[in-house]
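See below for the structure under consideration.
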Amino acid sequence: MGSVGAKEVPVLLSPDGKRIDGRRLDELRPLKIVAGALHQADGSAFVEWGANKVMAAVYGPREVHPRHLQQNNKAIVQCKYNMAAFSVDERKRPGLDRRSQEISKVISEAFESVIFVEEYPRTSIDIYIEVLQANAGTRCAGVVAASVALADAGIPMVDLLPSVAVGKIGGAIALDLKKEEDNFGEADMPMALVPQSGRLVLLQMEGHMTAEELGRSLDLGVQGCRSIYEVMKQALRDRYQVGGGAAQEVGA
Ligand code: UDP
């Protein structure tokens, strides 16, 4: 442990470039996706990514509630991201807070830009993301789970949306930050990519990077998203094969 002021911070990067969990800088945590994990929803997916466990359920296109949100020329996309009280070390107060409202908004907007919303006027496509266990990167795990759940629900989209956070730890650019890296690193940048066009539909950043580091982070994130995309597609292939439903894994 090193120390910064009164705060004890873990050493995030060893002299040989290994991270606290032994990963390389460009290595993802193990990722497992099960498409169609819930019977009641129109579409669903369960994602285990490192120590994150996230369920997504999709309903729709269906009647809009509340009614005044209805749009005559397109469907609206309403995402509710929720972190369970028991999902983190220090119990989280249940219910809506600013963080979950912000995450719900950016995820709704990301999906609104890839779903063919104009095909379903006066309807709502509802996405529920429940974080059951959290270890940083839960909004990205939520986007991955929701993408697979939307495809499982048969909702037409331009493409699936792989998503990952890139950041800066111990002065180096690293892929897929875990909690200590997110808390004590210098920067955290979640993103979501439309793989076929290379368009980013979600990009946020906390902390500081130089322009050159930002460029390298974007490259590393795009590369990470492309690996995640393969796992997402395989989860859907397995779901729709006879006897499918097996979990898809990367890096395990
Ligand atoms: N976290 C927590 N309590 C909270 C919010 C977050 O313990 O009320 C933890 C949790 O592990 C989360 C991480 O901090 O995954 C990073 O949170 P952030 O807001 O950066 O979002 P995320 O990285 O999960 O998308």
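For the numbers below, each heavy atom of this structure counts, side chains included, while hydrogens, waters and symmetry mates do not. Numbering starts at 1 and runs along the sequence shown. As the structure lists them, so they are numbered: ligands from 1, and atoms in each ligand from 1.
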Ligand 1 atoms nearer than 4.0 angstrom to some heavy atom of N135 are 11 (O), 15 (O)

What do you reckon, does A136 have a nitrogen or oxygen under 3.5 Å from a nitrogen or oxygen of ligand 1?
yes

Is there a heavy atom of P190 sitting under 4.0 angstrom from any atom of ligand 1?
no

Atom NZ of K80 with >12 non-hydrogen neighbours under 6.0 angstrom
no

Does a salt bridge link E63 with R122, judged by any charged N lying under 4.0 Å from a carboxylate O?
no

List ligand 1 atoms under 4.0 Å from D188, heavy atoms only on the residue side.
20 (O)

Is there a side-chain hydrogen bond (donor to acceptor under 3.5 Å, both in side chains) between S124 and Q78 once you walk through the steps?
CA-CA 7 Å; S124 178; Q78 304 192 87; 2.9 Å; yes

Distance only, no hydrogens: is a donor on one side chain within 3.5 Å (strictly under) of an acceptor on the other, for Q234 and D238?
yes

Which residue pairs pass the salt bridge (Lys or Arg N to Asp or Glu O under 4.0 Å) test with at least one member in residues 124-145, sequence neighbours excluded?
R62-D126, E102-R139

When distances are taken from atom 23 (O) of ligand 1, the protein heavy atom at minimum range is G137 N, 2.7 Å

Heavy-atom nearest neighbour in the protein, as seen from atom 16 (C) of ligand 1, with distance rounded to 0.1 Å:
D182 OD2, 3.6 Å

What residue and atom, counting heavy atoms only, is the protein's closest point to atom 24 (O) of ligand 1, and at what distance?
T138 OG1, 2.5 Å

Quick one: which of R139, R99, K92 has a heavy atom closest to atom 17 (O) of ligand 1?
R99

For ligand 1, find out whether one of its N or O atoms is nearer than 3.5 Å to an N or O atom of M83.
no

Apply side-chain contact (heavy atoms from CB on, under 4.5 Å) to Q196 and V158, showing your working.
CA-CA 9 Å; Q196 292 192 17; V158 171; over 6 Å; no

Tell me: protein heavy atom nearest atom 7 (O) of ligand 1, and distance?
V88 CG1, 3.2 Å

K179 versus ligand 1: do any nitrogen or oxygen atoms come within less than 3.5 Å of each other?
no

In ligand 1, the atoms that come under 4.0 Å of a heavy atom of A134 are 10 (C), 11 (O), 15 (O)

Residue among E206, E181, E213 satisfying salt bridge (Lys or Arg N to Asp or Glu O under 4.0 Å) with K168:
E213

Stepwise, does the side-chain contact (heavy atoms from CB on, under 4.5 Å) test hold for V143 with F111?
CA-CA 9 Å; V143 170; F111 281 113; 4.0 Å; yes

